[in-house]
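These numbers were taken from a predicted model, which means no experiment stands behind them.
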Amino acid sequence: MMATTKASGKQDPASTRRAARGGTGEKSTRRQNAEKGFVASTQLGENLQAVLVDLIELAMQGKQAHWNVVGRNFRDTHLQLDEIIEAAREFSDTVAERMRALHAVPDGRSDVVAATTTLPEYPQGEIDTSETIDLITVRLEAVVGTMRDVHDDVDEADPTSADILHAIIEKLEQFAWMVSAENRKPATR
């Protein structure tokens with residue numbers, strides 16, 4: 001049921017809003033801007049920025065590994081690295097675009113990434129497939145660690161952004177399991 005304004009006799013679009021099921025209706029928050037969108041707190045922006053730089057660094061280090069991996073099972077490792085790189089690039093774009101949607105400013109400049117990533121520096125030169133597997137697993141786990149470190153604060157500030165982290169964590173942990181399985185020995189029976 002739409003209300004009409006007295007002056008024009010036209011329906012007032014604001015009166016068409018319905019309360020969410022089980023809810024108490026629309027709530028205004030102090031974080032709304034002129035567009036009535038949610039504005040990230042400084043802390044939320046910083047937490048998402050920490051995730052962003054690690055994802056960018058993961059993609060860059062994955063490419064370094066991809067170019068320089070050598071040895072047994074080269075082709076499979078080379079192709080698996082491509083999957084990780086593509087996913088890390090997509091995830092970084094998703095996080096950066098989420099930041100922009102929340103009116104935060106992502107910073108993916110190389111000097112910022114290098115100065116703020118939690119990932120250890122990737123070694124120079126050719127690296128054996130077995131060592132590459134271990135190095136990439138450590139980096140996948142480091143990115144997940146960053147996301148888990150900021151998760152609770154992100155979830156409290158913005159559950160939608162936390163949902164994005166959930167999806168990324170799930171995929172990166174799957175990559176870590178699949179990559180690390182290359183070097184694992186079966187458990188003794």
Heavy-atom pair with the smallest gap, counting every atom of V112 and T116
O-OG1, 2.6 Å
Show your reasoning for whether side chain to side chain contact (heavy atoms under 4.5 Å, CB included) applies to M147 and D54.
CA-CA 9 Å; M147 286 190 279; D54 276 4; over 6 Å; no
Is there side-chain contact between D82 and K63, with at least one heavy-atom pair below 4.5 Å?
yes
Applied to residues 147-166, the ring-ring contact (aromatic ring centres under 6.0 Å, His included) test, sequence neighbours excluded, yields H151-H166
Kindly give the cluster partners of W177, where membership spreads through any ILVMFWY side chain lying under 4.5 Å from a current member.
M178
Does Q64 reach the side chain of Q124, with side-chain heavy atoms less than 4.5 Å apart?
yes
Output yes when a side-chain donor or acceptor of N183 lies under 3.5 Å from a complementary backbone atom of S130, and no otherwise.
yes
Could you check if a side-chain atom of R139 sits within less than 4.5 angstrom of a side-chain atom of P120, using non-hydrogen atoms only?
yes
Where do D107 and Q49 come nearest, in terms of heavy atoms and distance?
O-NE2, 2.7 Å
Would you say that more than 12 heavy atoms from the other residues, nucleotides or ligands in this model lie under 6.0 Å from the CD of Q43, or not?
yes
Can you measure from CG (D158) to CD1 (I164) and round to the nearest 0.5 angstrom?
7.5 Å
Side-chain contact test, heavy atoms from C-beta onward, threshold under 4.5 Å: evaluate it for V179 versus T137 and give yes or no.
yes
Which atoms form the tightest heavy-atom contact between P106 and R100, and what is the distance?
CD-CD, 3.3 Å
Keeping to residues at least two apart or across chains, list the salt bridge (Lys or Arg N to Asp or Glu O under 4.0 Å) pairs with something in residues 168-180.
R148-E173
V154 versus S161, closest heavy-atom pair with distance
CG1-CB, 3.7 Å
Verify, without hydrogens or angle tests, whether T129 (side chain) and R72 (backbone) share a donor-acceptor contact under 3.5 angstrom.
yes
Between F38 and L44, is there a side-chain heavy-atom distance shorter than 4.5 Å?
yes
Determine whether Q80 and I136 make a side-chain contact, defined as any pair of heavy atoms from C-beta on separated by less than 4.5 Å.
no
Looking only at non-hydrogen atoms, find the nearest pair between L172 and V143 and report the distance.
CD1-CG1, 3.6 Å
In chain order, what residues pass the salt bridge (Lys or Arg N to Asp or Glu O under 4.0 Å) check against D155, with sequence neighbours excluded?
none
Can you find a pair of side-chain heavy atoms, one from L48 and one from L102, that are under 4.5 Å apart?
yes
Show every ring-ring contact (aromatic ring centres under 6.0 Å, His included) that has at least one partner inside residues 110-133, sequence neighbours left out.
none
Got a donor-acceptor contact below 3.5 angstrom from the R89 side chain to the I84 backbone?
no
d(L140 CG, I169 CD1) to nearest 0.5 Å is 13.0 Å
Output all residues satisfying salt bridge (Lys or Arg N to Asp or Glu O under 4.0 Å) with E97, sequence neighbours left out; order by chain, then residue number.
none
I need the L135 CG to E121 CD distance, nearest 0.5 Å.
12.0 Å
What one should report as the nearest heavy-atom pair of I133 and S180 is CG2-CA, 4.0 Å
Does the pair T146 and T118 meet the rule for a side chain to side chain donor-acceptor pair (under 3.5 Å), with working shown?
CA-CA 8 Å; T146 296; T118 65; 3.0 Å; yes
Distance, nearest 0.5 Å, that separates CZ of F74 from CG of L79
8.0 Å
Value rounded to 0.5 Å, distance of CG in L52 from CG in D93
9.5 Å
Roughly how far apart are I168 CD1 and S92 OG, rounded to 0.5 Å?
8.5 Å
